[in-house]
Structure formats: C-alpha cells, structure tokens
Amino acid sequence: MGDQDAETGGTDAPVDEGVEFTIDGRTVRARKGEMLIAAAERAGTFIPRFCYHPRMEPVGMCRMCLVEVSGPRGATLMPSCFIEAAPGMEIVTDSAKVKKAQDGVLEFLLINHPLDCPVCDKGGECPLQDQTLAYGPGESRFVEEKRHFEKPIPISDLVLLDRERCIQCSRCTRFADEVAGEAQIDFIGRGEQIQIGTFPELPFTSYFSGNTVQICPVGALTATPYRFTARPWDLDQVESTCTTCSVGCRVAVQSSSNRLTRLLGIDIDPVNHGWLCDKGRFAADAVNSEDRLTEPMIRKEGALVAVSWHEALEAVATGLKAAVAERPESVGIIGGARLTNEGAYAWARLAKGVLGTDSVDAQIGDGLPAELVLGLPRATIDQAASASTVVLLTGDVREELPVLFLRLRAAAVDGDVAIVELSPQATSLTAHAEVSLRYGPGDAAALVDALVSGGTPPNAAAEPGALDRARQLMGEGPVVVIVGRPSLAEDGELVADAARKLSAALPEARFLPALRRGNVLGALDMGLAPGVLPGRVALEDGRAWFEEAWGSVPLARGRGTADMLAAAAGDQAEGSAVTALVLLGADPLTDFPDRRLAERALDAADFVVAVVTAPGAALDHADVVLPAAEAHERPGTTTNLEGRVFRLGQKLVPPGQAWPDWMIAGELAVHLGHDLGFDSVGTVWDEIERVAVSHRGITRTVLDAHGAADGVVAPLSLSKVSLARRNAPLDPVAVPGVESVERQGASLQAGLAASPNAAADGPEAADPSDGGPSRPAVLSGPGEFAVPHVAPADGYSVRLVASRVLYDGGAAVASVSTLAGLVAPGALRANPHDLDELGVSSGGQVRLRSATASAVVPVEPDASLPRKVVAADFNVPLGDGTVADLIDRAFPVVDLRMESL
Amino acid sequence: MSEPTPIAPPRRAALAPAAPVHLNAEIVVRARQLIALYPERRSALIPLCHLAQEQDGWLTPEAMVDIAGLVGVTPGEVLGTASFYDMLHTEPVGRHVVAVCTNIACLLGGAAELLEHAEHSLGIGAGGTTADGAITLEEAECLADCDRVPCVQVNHRYVGAQTPESFDQLVADLRSGARDADIPPHGTLIRVRRTTGIEADPVAVAEERRLAAVARSARADAADGAGA
Ligand code: SF4
Ligand code: SF4
Ligand code: FES
Ligand code: FES
C-alpha cells in the first residue's frame with residue numbers, strides 16, 4: 001500500500017479479488033474473508049445482530065443473525081456474523097425459517113429481560129427494543145417471575161451495571177480484553193445466573209470504560225454522568241471532533257436545551273475506530289460548568305470586576321500598546337492549543353502582524369521545537385499502524401494520547417508492527433514492545449547515537465542483543481517514529497536532538513508528533529510559535545509573503561514559553577524583559593513544568609491578560625480577563641497530530657458574553673487600530689487557505705465534502721479526498737445513540753457551512769501570488785535548535801523524570817467532578833536498589849533536595865527505572881506539593897539529592 | 001439504590017505481574033510444572049484453581065490474584081472462569097462438601113427426602129455451611145453412580161447410597177475424623193500425584209509435541225490424497 005492510499009481518510013477500498021455469492025437471490029461481492037453479515041450490510045441487506053461488532057472479533061454468541069445458508073445437505077441456519085462469505089454461497093435472510101429463528105431468539109432474550117424501558121437510559125436508542133419491534137414475535141409466552149438483582153452496581157466510578165438487563169452479548173468483555181487489553185470485567189457464574197462482574201476490590205479502571213457503555217446493546221451498562229439525564233429523542237446532535245487531546249477522535253456531540261449531555265464516538269477509519277477515552281468522553285462536561293466565565297473583567301482596586309467588552313478590549317489595547325511602544329518583544333503570548341485553527345490564526349496574525357512580537361508559543365514548556373514538529377516528514381496514524389517498525393521516543397502513550405495507544409496496541413498485538421521503545425521507564429506499551437531500551441534524562445540522543453552508529457549506550461542495563469535487535473528492526477521497512485516528551489523535567493531540545501539524529505540516520509522514516517494538547521498541532525501550523533509563520537514556514541522564509549499579506553512581520557525570532565517566563569521574571573539580560581503577558585487559555589501555574597518560575601513571572605509582569613473559559617489559578621494575576629467560547633460552542637476547524645484538519649460542530653451557544661477566540665483577536669485588533677477583515681469564522685478559514693502554504697487547496701468546499709467527513713490531511717497533496725459520501729454507513733447497533741438520533745431527524749452536519757461561491761472559485765482564484773512575492777517553502781527537515789549541554793550526573797544525585805498521567809490536576813480534569821475524583825496522589829518511583837541503599841522501603845518517604853527546593857515525598861520501587869533515575873507524575877499531588885516544585889528550568893535536567901529521613 | 005461501594009482510584013496498570021504471595025512454595029512449584037505442560041500459559045488456569053483449593057479448601061481471592069499472575073490473565077478472568085464450574089468454590093466451604101444427587105434416578109430412589117432430612121439434621125439449606133465449618137451441603141446433578149441411589153459424595157468421593165439414618169452416621173463420622181483416612185479434606189483431588197509428564201523435560205515434551213504434529217499432518221495429507 002503506497003503512501004497515498006494510507007492517507008486517504010476512510011474512502012472506498014476497492015473490492016477487487018472478492019468472492020461472489022447471493023443474498024436473497026441477488027448476486028453480490030464480498031471481500032475475501034469478510035463475514036456474511038458485513039458483506040450483506042455493504043450490499044444493502046441489514047441482518048439483525050447483538051453481539052457482532054464491526055471492530056471486534058465475532059463470537060456468534062447471540063444467534064440473532066441467523067440466516068439460511070445452502071449447503072450440500074440443504075439450507076441450514078447459520079450465524080452470519082461467524083461465517084465467511086464463500087464463492088457461490090447462497091444465503092436467504094428473510095425466509096419463514098429465518099423469521100422463526102429470529103422470533104425464537106428474541107423471545108428467549110426477553111425471558112430474562114426486565115422490560116423496564118420507561119426508566120432505562122437506552123430506551124429510544126436500544127437495539128433490543130428496535131430489533132424486537134422489527135424482527136420479534138410480538139408476544140411472549142413467559143409468565144414466570146423474572147430475575148432480580150441489586151441494581152445498579154458500580155463497576156467503576158464512571159460505569160454502572162444493571163445486571164438483569166444484560167443479554168450476555170460479551171461486547172463489553174471483548175472490548176475490555178481485545179481492544180483495551182485490560183480484561184477487568186468478565187462473565188461471572190453460569191446459566192441464568194451469569195452476570196458481568198469485576199474482581200472484588202479491582203474495579204473496571206480502564207481509561208476506555210465509557211466505550212462499553214456506548215456499545216452495550218441494552219441498558220445494562222450506563223455512564224454515571226449521563227444516567228437519567230436525558231431521553232435520546234430529546235437530544236440534538238452534531239458531528240464534531242474531541243479536542244481534549246491531539247488524537248482528534250470523531251464524536252457526535254449531543255445536547256439538550258443548550259447543555260451538553262454526552263459525547264459518543266463516531267467510527268472513522270483513519271483515527272478512532274469509534275472509540276473514545278474516558279477523559280475525552282467525560283471531560284466535555286466542563287462546558288456545562290457553573291463556573292464558566294461569562295463576562296469580561298478588569299482588575300480595579302485589586303479586584304476583578306465585570307465590564308463591557310469595549311472597556312475590556314480598550315484596557316487590553318492600552319496595556320499592550322504601552323508594552324509594544326518599548327519593544328514589540330516585551331509582549332509575550334502563551335498558549336493557544338485550546339483554540340480552533342481560526343482562533344489560532346487570528347491570534348498569530350494579531351501578534352506577529354499587528355503587535356509585531358514573535359514571542360508567541362502555543363506550547364507551554366511541555367512541547368518540542370516547532371521547526372522540528374513542522375519540518376519532519378509527518379506520518380499518519382494508519383501509517384504507524386501499518387509500519388514495519390514503530391520507534392517510541394515519547395512518554396506513555398496511554399497516559400497522553402489514549403486512543404493512539406489503542407491503535408498502536410492493536411497494531412502490535414493483531415498486526416505485524418514491531419515496537420522499539422526508547423524510554424526512561426516502563427510504559428503501557430512496554431509489554432507489547434519487541435525491544436525496550438532504557439536511558440536516563442538527557443541521554444536520549446546518546447542512546448540513538450549508539451543505535452545508529454554502533455557505539456555503547458549510556459545505560460548498561462540493556463540486555464545484550466537488545467541493541468542489535470533494535471538496530472535490525474529499525475533497518476526494516478517503513479519506520480514511524482513517535483516523538484513526544486518522555487519527561488517534563490528535561491529540556492525538550494534533548495529529545496528533539498534524538499529525533500533529529502533518527503531522521504538523519506533513517507531518511508525514509510516518518511514522524512508522528514506526540515504533543516498532547518488539544519489543537520496544539522493546529523496552533524503550530526497557524527504560526528503560534530516563535531520563529532514560524534502560518535503554513536509551516538520559517539519566519540525568514542515567509543517574511544516577504546506575509547509582509548504582503550499582513551503588512552508587517554516581526555523583525556526577529558521571539559522567545560518560547562520558558563524564555564518568556566524567564567524574561568518576565570527578570571532572569572534575562574537587562575532591557576529584554578517581557579512586561580505584558582497574554583495567556584491564551586494557558587495557565588502556567590498548573591501547566592508549566594517549573595512552577596516557581598511561572599509564579600515569579602506572573603508576579604513580576606506589569607500587565608497580564610487571560611483569555612480563558614473558566615477560572616483558574618492564573619486569574620489571580622490577571623489585569624484583564626476575557627471570556628472565551630469552549631469546544632462545542634464554536635464552529636471552525638482543528639488539526640490533529642497527523643495534520644488532519646477536521647471540522648468542528650457547534651451545538652451550544654457560549655454562556656453570557658463569551659466570544660470565540662478569532663473574534664476576540666479581530667476586535668482587539670480594531671482597538672489597536674487594525675482591521676483584520678474577519679467577519680465570520682469562514683472568512684478566517686478562507687484567509688488561512690490563501691496564505692498558509694501548507695493548507696493550500698483545503699477550501700471550505702473541500703472540508704465540507706461528504707468524503708472529507710474523516711478530515712483532510714494537510715498538505716492536500718497527501719490526501720485523497722473523494723467528494724462522494726462517507727463510505728461506511730453508520731451501523732445502528734455498533735453506535736446505538738448516534739444512529740437513533742440521526743434517524744429521528746437531527747442531521748449529522750458540521751457547523752462550518754460552505755459558502756456556495758468557494759466551490760465555484762476553486763483554490764486558484766484565491767491565489768494572491770499574482771505579481772506578488774513567491775510562495776514560501778514549507779519547513780522540511782528537523783530544523784535548527786540549540787541543544788543544551790548536560791553535565792554527567794555527579795554520582796550522589798538522582799536524575800528526575802516527570803511524566804504524564806491521564807487524570808491530572810489540569811483544567812480538563814479539574815473542572816469535571818466525575819473525573820476530578822480519579823486523580824490519584826502520586827509517589828516518587830525509584831530503582832529498588834537505590835532505595836535499598838538508602839534503607840528506605842516501599843511506602844516509606846524520602847527527602848528530595850535541589851539547590852533551591854526541598855520536599856518530603858512518598859516512594860515506591862520501580863525496577864524499570866535505571867539506577868539513579870527517579871520518576872514522578874506531573875501535576876498530581878506528590879507529598880505536600882507536586883513535582884513541578886522541584887523542577888528548575890535554569891538547568892536542562894533536574895538533579896536531586898535523595899535522602900532518607 | 002444501595003449505597004455505591006467506594007472505588008479505588010485507577011492505578012498505573014501493574015507493569016510486571018507480581019510474584020505469587022499467597023500460594024505456598026510447594027504449590028507454586030507444582031503450578032509451574034503444570035503451566036509448562038501447555039503450549040499456552042492460560043490453559044493451566046483450571047488445574048491451578050484445583051491446586052489452590054487443595055491449599056485452602058476453596059478458591060480464595062488471594063489465590064486467584066496469584067493464579068492470574070502465574071498464567072498471565074487478569075484476576076477478573078480467573079474469577080470469570082472459576083465461577084463457571086461447580087467444583088471450584090469461590091466462596092468459603094466447610095472441611096467436607098457433602099453432595100446429594102437429586103437427578104432422576106436418585107430422585108426416584110428418595111433423594112428429595114434424603115436432602116430434606118439432611119437440611120433438617122444439619123440445620124442448613126442446600127448450599128449452606130454448618131456453623132462449625134465442618135460440613136457444606138450441596139444439591140448435585142447426576143454424579144454417575146445411578147445404581148446406588150440416592151447417591152452421595154463427600155469431597156468428590158462416593159460414599160454409596162444413603163438412608164437418613166446412615167446419613168447422620170456419616171456426618172458424625174466426618175465430624176469425628178473417623179473417615180479421614182479415606183476422605184481427605186475438601187480440595188484434595190488426588191493424594192497420589194501424577195508425575196509422568198510433569199517431571200518430563202519441557203524441551204523433550206515440546207519435541208514430542210512437534211513430532212506428533214508432524215505425524216498428524218502427514219496423516220491428514222494422506223487422507224486428503226486418498227479422498228482426492
Ligand atoms: S453488559 Fe451489555 S455489552 Fe456487556 S454482555 Fe451484557 S448486554 Fe452485552
Ligand atoms: S484520545 Fe484524545 S481525542 Fe480521543 S477521546 Fe481521548 S482525549 Fe479525545
Ligand atoms: S451471533 Fe451473530 S450477531 Fe450475535
Ligand atoms: S441420578 Fe443421581 S447419580 Fe445419576
């Protein structure tokens with residue numbers, strides 16, 4: 001399969017070497033190895049089913065899908081989900097015999113089913129209800145007492161179980177086992193007493209538990225946050241994309257009376273296969289929070305008071321003008337991953353074209369150099385899942401990009417992908433890795449050197465042969481490198497350097513950036529980073545082009561977040577201070593790795609503007625607060641880690657006076673004396689398509705095409721967009737909620753309406769290059785960045801790894817009560833030998849000391865860590881603080897003394 | 001709705017299965033020998049459950065956690081599998097499990113009356129355990145001893161047809177230890193260990209298996225050839 005094919009998003013796969021067979025007398029073609037039920041469905045004949053799910057192995061448990069298959073001994077009933085289509089097969093789906101079988105199966109299922117539909121969440125979107133109506137006998141002969149169970153029982157904090165409703169289809173248990181790889185739920189007991197259950201004291205803690213609720217064909221599994229909150233027929237729906245992380249899972253956003261009720265996963269081939277993680281699924285509830293900011297506010301006499309937009313924007317303009325008057329670079333803008341592409345572009349243009357500062361950074365000290373991310377040849381998730389080798393140079397994918405973990409796990413378990421893991425500590429993919437090589441903070445590049453040029457690795461712990469095996473695998477066939485941040489306690493350039501070395505040694509390798517914040521890749525594409533301009537071009541390369549488009553561009557490269565904060569705190573050269581900070585949905589106090597620096601910077605800055613959706617610690621430092629619209633309240637587009645541009649659907653009206661970010665930037669520009677010329681989110685996109693060279697040709701018409709429902713990978717040359725309708729029809733039993741709302745009228749349209757003209761004009765008509773500067777080149781290659789020197793550890797110290805966990809103290813989790821309770825206090829992990837040397841046992845405590853900080857923290861042994869390397873999770877309680885208290889960005893790695901108490 | 005049980009927060013998945021902590025050293029050695037007999041570790045799940053019952057008399061949660069680690073599945077899967085089988089007890093049982101068959105042949109031979117008598121004289125219902133922990137009474141399906149009805153088993157050993165009077169004597173003997181010689185405590189399936197195969201060199205076993213597979217496919221090929 002060539003690159004071109006790999007990148008088509010869910011378009012028609014040809015049925016070439018298929019098999020021919022007949023359904024109800026009609027001749028149809030099936031793919032080789034395709035199950036009858038799936039082939040029939042593609043041919044337009046729906047066969048009822050409960051246990052079959054297109055994304056899981058068939059089991060033939062429920063017998064609802066029986067059809068007559070002619071064989072040598074005449075026609076027999078067979079489960080169509082379990083029989084592969086074979087040449088010449090004749091199947092009948094609507095005979096009296098089939099009908100009798102369906103009647104029988106349904107009557108049997110209903111014997112033990114409570115029929116409490118009026119009080120069941122699934123009522124109205126229930127495959128059992130629907131298929132009973134469509135295929136059932138209409139009468140039951142069962143008059144005896146039904147089963148009773150205590151109900152509901154929680155099988156986790158998020159999922160409740162009503163056992164008597166279960167029809168034993170095993171979808172949930174197969175999901176947990178096959179897809180998530182965590183068989184924490186199983187059938188317990190036998191016969192009529194069989195029930196779904198967990199092991200005592202071991203709840204269903206999978207990060208993916210919400211999917212079982214979505215695929216349960218009855219109301220046996222319900223989600224705690226949704227239970228009893230709505231009836232499906234009251235819900236309104238729009239198709240959109242989850243923006244909680246950068247995987248970009250496709251979702252149906254369902255709402256009622258301007259409140260978001262739930263997200264359901266939509267199955268798209270290139271990304272999420274219908275699955276969502278629990279954080280994405282349930283964190284969306286934040287948009288309903290009572291705490292949302294609804295009015296602009298200004299600090300007057302020490303307190304924030306509500307004012308009009310006009311007054312607030314005037315205050316921002318005055319403050320920023322004062323700072324720019326000194327030097328444009330005294331304005332710093334931090335954040336932007338929450339924004340849509342349009343919001344990010346508008347802010348990039350405001351910063352770079354109007355204010356003249358290049359100190360703009362959508363990454364909050366937790367990312368990678370923008371040039372590297374934008375310049376390395378990008379892989380898609382499909383390419384990673386079909387590569388011969390995937391090299392992991394990132395944190396734990398399950399903790400950071402959960403659904404990408406599902407795809408990679410499936411590729412390793414069911415496919416032929418070999419995983420080579422380079423990591424300071426064991427991760428969720430270690431068990432699936434062919435080779436796992438450990439290194440200490442700062443040593444990633446040295447490990448890559450050893451791999452590609454045959455030297456000795458920095459850490460002797462590698463088993464003999466592992467290095468050779470890794471070399472061999474990396475030499476084989478398509479290689480995809482997943483590059484992210486294994487640790488927030490070392491400089492991003494250190495791992496970027498390792499990625500650069502890999503790209504030099506493996507010129508054919510493609511890279512998937514594992515940056516996790518919502519639309520961070522879109523923000524980088526839109527130029528929200530120092531040294532780059534929209535369209536993945538370097539500042540200098542794009543200067544002429546953007547001077548033409550914008551009027552002006554910054555004179556010199558600006559600072560990234562860490563340097564901006566240091567300059568604001570007064571740590572940098574005299575006369576280069578950052579005096580005004582704009583926080584674009586970022587809260588450095590919780591998000592930036594070095595909390596003390598963030599605190600000093602916000603304290604010292606003269607003027608702080610917070611563009612936020614909900615209150616947070618940064619508000620205490622803000623002089624002006626501008627309320628912004630959240631996900632699901634704004635149309636527009638986002639870009640996932642593959643560079644796939646998705647339309648967002650809008651289902652809610654922003655609370656109070658909150659505005660979308662592009663509008664805030666546009667209006668602020670007016671107050672600064674400039675008109676950006678944006679009058680709708682669509683016009684912002686039109687300008688992006690015109691000036692951002694990587695996004696040329698991705699017009700609103702292209703984005704709106706039915707065939708682009710799975711997104712369009714930028715640049716367009718990588719994407720095959722068919723303007724036909726989405727290939728796979730939504731399977732009503734695979735995605736019950738989505739389909740039934742659809743069926744009841746609400747359309748699955750996205751919020752970004754195409755302007756009819758855009759189609760007629762085509763991309764060329766909008767080309768500004770006639771007579772103007774020539775189109776700049778997009779970045780290619782890993783780019784230039786300085787790599788800090790890391791001194792060898794001194795033998796008395798331990799080196800710190802700060803890694804991510806899914807449920808942390810970040811805003812996405814903290815503002816949703818169901819998730820906030822899942823944040824678990826952390827412990828410092830250390831190699832057991834190091835703990836033995838200190839005489840500290842598991843569960844004990846140690847003191848950690850650096851030149852400037854000290855903390856007493858609980859410890860636990862972790863044999864996966866190299867000696868003298870310790871690890872803690874970022875942004876979760878650790879002792880009396882968090883690990884961010886111990887990180888000092890003045891040093892590229894964090895060395896600490898670890899002492900017994 | 002009942003008070004929801006508080007649930008522990010999610011943990012980082014245990015990355016390496018913990019070493020067995022509950023099963024004793026001798027059992028663990030035998031467990032490993034059993035595991036070595038199968039091409040797939042998890043195939044040894046049920047034999048290991050019986051081993052654990054031998055140690056504790058029933059299948060304790062702690063043992064299930066150990067077994068999960070030994071065969072590479074989750075504790076939930078061990079419970080799911082074990083709970084299917086009547087001979088695996090996931091709840092505590094008495095030292096002696098007394099099973100009364102109430103299937104057709106035994107029913108015709110007075111099993112219902114015998115069971116009723118047993119319930120009265122032991123003071124427990126079928127499925128219950130006496131307060132002294134000596135006896136668990138079970139109602140069983142056909143135990144394949146239909147010529148001596150009503151059939152009773154103690155710890156899976158036949159004790160022959162019972163009358164109400166002989167049943168009471170049986171219980172008294174069990175309590176006093178008079179039957180200990182022929183009826184070991186519940187959980188002990190066999191007292192003479194199987195050693196053949198178990199102690200064979202795993203490499204040799206693998207080789208034998210390979211040869212058997214070769215022979216099988218040769219036979220299949222021959223059959224195909226003959227059929228064609
Ligand atoms: S709980 Fe739902 S998904 Fe699970 S087996 Fe029962 S009916 Fe199927
Ligand atoms: S993996 Fe990311 S995009 Fe997908 S549901 Fe989870 S948070 Fe949302
Ligand atoms: S048996 Fe085929 S769908 Fe259940
Ligand atoms: S019927 Fe009782 S042993 Fe067969």
Side-chain angles (χ1 to χ4, degrees), chain A residues 150-160 173 176-177 181-191 193-207 209 224 278 396 398-399 425-428 430-431 803 805-807 821-827 829 860 862-864 873 876, chain B residues 1-19 21-22 40-42 45-46 49 52 58-92 126-127 138-141 227:
Chain A
E150 176 196 335
K151 66 184 276 165
I153 53 168
I155 56 173
S156 77
D157 283 308
L158 297 168
V159 181
L160 299 170
T173 54
D177 183 20
E182 304 164 284
Q184 297 163 328
I185 48 173
D186 202 351
F187 284 123
I188 311 288
R190 188 183 63 202
Q193 285 304 318
I194 198 166
Q195 47 179 283
I196 295 295
T198 59
F199 194 74
E201 321 289 324
L202 288 179
F204 185 33
T205 54
S206 169
Y207 288 161
S209 66
T224 326
D278 289 352
D396 192 328
R398 186 167 67 182
E399 305 291 340
Q425 57 182 330
T427 73
S428 315
T430 302
S803 46
V805 281
L806 188 67
Y807 300 130
L822 301 179
V823 180
R829 301 185 290 278
E860 60 186 36
D862 180 345
S864 81
D873 295 329
V876 296
Chain B
M1 168 176 163
S2 68
E3 192 66 10
T5 24
I7 278 174
R11 277 155 283 203
R12 251 169 206 280
L15 294 167
V21 290
H22 175 77
E40 293 260 0
R41 269 200 296 166
R42 61 193 295 161
L45 204 164
I46 289 172
C49 289
W58 62 290
L59 195 52
T60 63
E62 295 78 11
M64 286 192 263
V65 170
D66 279 1
I67 292 169
L70 282 165
V71 304
V73 301
T74 65
E77 287 173 294
V78 178
L79 174 62
T81 308
S83 61
F84 185 89
Y85 296 101
D86 282 345
M87 280 174 77
L88 297 174
H89 292 268
T90 56
E91 306 277 334
E138 268 186 353
E139 180 178 356
E141 298 301 331

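Not measured: the values here are computed from a predicted model. Order of the sequence lines sets the chain letters (A, B, ...), proteins ahead of strands, with each chain counted from 1.
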Measure the CE-NE2 distance between B/M87 and B/H89 for me, rounded to the nearest 0.5 Å.
-> 8.0 Å

Residue from B/G76, B/P75, B/A82 scoring the most non-hydrogen pairs under 4.5 Å with chain A is B/P75

Backbone N/O of B/L70 and side chain of B/R41: donor-acceptor pair under 3.5 Å = yes

dist A/D186:CG -> A/Q195:CD (nearest 0.5 Å) comes out at 11.5 Å

Options B/D86, B/T90, B/V65, ranked by heavy-atom pairs under 4.5 Å with chain A, top entry = B/D86

When the 4.5 angstrom heavy-atom criterion is applied to A/I188 and chain B, the contacting part is both

Without hydrogens or angle criteria, can the side chains of A/S803 and A/E399 be said to hold a donor-acceptor pair below 3.5 Å?
-> no

